[in-house]
Amino acid sequence: MKTAIITGASSGIGRAIALELAKEGVDLLLLSRNEEKLKHLADEIRSLHEVKVLYIPFDLHKNRNYDLIVNIALENFDSLDILVNNAGIGYAGSIEQISAQDIEKIFWTNLFSHILLTKSVVPYMKQQERGSIVNIISLVAFRPMKYWGLYNASKSAMEGYFKTLRQEVKKYGINVINVYPGWTDTAFFENAGIEQKVKNSFIKRFMDSPEFVARKVVKAIKKRKKEVYMHWWGWLLAKCHGLLP
Ligand SMILES: NC(=O)c1ccc[n+]([C@@H]2O[C@H](COP(=O)([O-])OP(=O)(O)OC[C@H]3O[C@@H](n4cnc5c(N)ncnc54)[C@H](OP(=O)(O)O)[C@@H]3O)[C@@H](O)[C@H]2O)c1
């Protein structure tokens, strides 16, 4: 574990993973749209740990030059060890409300960008004969939620795609790790416009912290795990997928 590219690093789970990896001495390339938040995080990490921290303000939906990210990493790092596909946005709406632009935004941010950035990274990991590709998915991949169809679909597709990729790249020493967080206390709900609903519901009491998720992720990278659940009931939900109504 020497270097990592993390998407969606400006807040929540991605931010917590960046801090946790820095603790392990990993050099970082951080990506998200908000430059100010990235700068703030990079300064915080540099003040705490002796690691190299770079950041690029990058909109994964609009700027589709994913090779650029890899080129910047290669110019600054000796290897590409970890890619964390974490950026994601929520969306709740009935079928009447969904527009073609919504579909495009959700699928580019939550799925297509991860596949294409991974495509740019894999040739270098193959050359090195090692690497970890971490995908922050969601338990919703196994549990449909009313009005959350677009988000669910993006996450189910991510689960399916990266499970297949795991078989494809295993022989090159590349480990693909699928992570399935449940409710996690981040800005995700505020950004999806349902913060108030969540705040006032029982869900708030059962939320994990992003730091808890990040610790599980870093442990999984070290132990070369493949499927990561936060709790036993998440694992059970995944196993019962298809049996539940
Ligand atoms: N919170 C939960 O309950 C939960 C549960 C299961 C799975 N997840 C998944 O965990 C991942 C992280 O979410 P979070 O909970 O940490 O939420 P968050 O705090 O809102 O973080 C989302 C991150 O994605 C970035 N992002 C969003 N759109 C982007 C774009 N177009 N280009 C580049 N970066 C973009 C955001 O940064 P900028 O705004 O700076 O671009 C931010 O850093 C997501 O994939 C989410 O689906 C969350």
Side-chain angles (χ1 to χ4, degrees), residues 5-20 28-42 55-66 68-69 83-92 101-102 104-117 134-143 145 148 150-159 161-162 177-195 197-199 201 203-214 216-217 228-231 233-234 237-238:
I5 299 174
I6 306 176
T7 69
S10 64
S11 81
I13 295 171
R15 183 179 192 283
I17 293 173
L19 283 158
E20 200 61 30
L28 302 168
L29 175 55
L30 310 174
L31 300 160
S32 88
R33 292 165 302 183
N34 190 316
E35 184 168 7
E36 206 177 308
K37 283 190 186 171
L38 288 175
K39 183 184 178 312
H40 193 265
L41 175 61
Y55 59 87
I56 324 174
F58 194 99
D59 188 329
L60 292 163
H61 164 219
K62 293 188 181 142
N63 182 352
R64 296 172 187 174
N65 186 1
Y66 304 111
L68 176 79
I69 299 168
L83 168 64
V84 185
N85 290 315
N86 164 74
I89 46 171
Y91 177 92
Q101 285 89 336
D102 293 335
E104 214 204 322
K105 188 173 178 191
I106 295 291
F107 276 83
W108 269 101
T109 311
N110 293 6
L111 179 68
F112 303 155
S113 64
H114 300 321
I115 297 174
L116 290 170
L117 178 56
V134 181
N135 306 297
I136 306 300
I137 308 181
S138 168
L139 273 185
V140 304
F142 309 111
R143 189 74 196 129
M145 286 191 307
W148 278 76
L150 277 192
Y151 180 71
N152 279 32
S154 69
K155 293 294 181 176
S156 299
M158 206 179 163
E159 187 247 349
Y161 179 77
F162 282 99
I177 306 170
N178 280 0
V179 182
Y180 307 98
W183 301 100
T184 311
D185 199 357
T186 68
F188 178 84
F189 304 99
E190 188 186 333
N191 295 336
I194 57 159
E195 192 200 14
K197 269 191 196 162
V198 173
K199 246 186 191 164
S201 81
I203 293 163
K204 189 78 185 166
R205 272 188 283 150
F206 294 101
M207 280 189 170
D208 289 320
S209 70
E211 291 75 22
F212 173 78
V213 177
K216 289 253 180 193
V217 168
V228 181
Y229 303 93
M230 299 306 120
H231 305 283
W233 48 263
L237 191 69

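As the structure lists them, so they are numbered: ligands from 1, and atoms in each ligand from 1.
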Considering heavy atoms of the protein only, find what lies nearest to [atom] and give residue, atom and distance to 0.1 Å.
atom: atom 46 (C) of ligand 1; answer: Y151 OH, 3.6 Å
atom: atom 3 (O) of ligand 1; answer: T184 N, 2.8 Å
atom: atom 5 (C) of ligand 1; answer: G182 O, 3.0 Å
atom: atom 27 (C) of ligand 1; answer: R33 NH2, 3.4 Å
atom: atom 25 (C) of ligand 1; answer: G8 CA, 3.6 Å
atom: atom 15 (O) of ligand 1; answer: T186 OG1, 2.6 Å
atom: atom 12 (C) of ligand 1; answer: N86 OD1, 3.2 Å

Considering [options], which one's heavy-atom position lies nearest to [atom]?
atom: atom 19 (O) of ligand 1; options: S11, A141, A9; result: S11
atom: atom 10 (O) of ligand 1; options: L41, N34, N110, I136; result: I136
atom: atom 22 (C) of ligand 1; options: S10, G88, P57, A187; result: G88

Under 4.0 Å from a heavy atom of [X]: which atoms of ligand 1 are those, numbered in the order shown and with their elements?
X: G12; result: 16 (O), 19 (O)
X: I89; result: 27 (C), 28 (N)
X: D59; result: 30 (C), 31 (N), 32 (N)
X: F58; result: 32 (N), 33 (C)

Report the relative orientation of the aromatic rings in F112 and W108; use parallel for angles under 30°, tilted for 30 to 60°, perpendicular for over 60°. perpendicular
Heavy-atom distances under 4.0 Å decide this one: backbone, side chain, both or neither, for [X] against ligand 1?
X: L60; answer: both
X: Y180; answer: neither
X: I137; answer: backbone
X: K155; answer: side chain
X: W183; answer: backbone
X: N191; answer: side chain
X: F189; answer: side chain

Any [X] side-chain heavy atom under 4.5 Å of [Y] side chain:
X: L139; Y: W183; value: no
X: V140; Y: W148; value: no
X: R15; Y: T186; value: no
X: P181; Y: D208; value: no
X: V134; Y: I6; value: no
X: N86; Y: H114; value: no
X: I136; Y: V217; value: yes

Which atom names give the shortest non-hydrogen contact between D185 and P210, and what distance separates them? O-CD, 3.4 Å
Is I13 close to ligand 1, meaning an N/O of one under 3.5 Å from an N/O of the other? yes
Tell me if the centroids of the rings in Y180 and Y229 come within less than 6.0 Å of each other. yes
Whether the side chain of S154 engages the backbone of Y151 through a donor-acceptor N/O pair (distance < 3.5 Å, no angle test) should be reported. yes
Check this for me: does any side-chain nitrogen of one of R64 and E104 sit under 4.0 Å from a carboxylate oxygen of the other? yes
Determine, step by step, whether I56 and L38 satisfy the side-chain contact (heavy atoms from CB on, under 4.5 Å) criterion, reporting the C-alpha distance in whole Å, the side-chain angles of both residues, the deciding distance to 0.1 Å, and the verdict. CA-CA 8 Å; I56 324 174; L38 288 175; over 6 Å; no
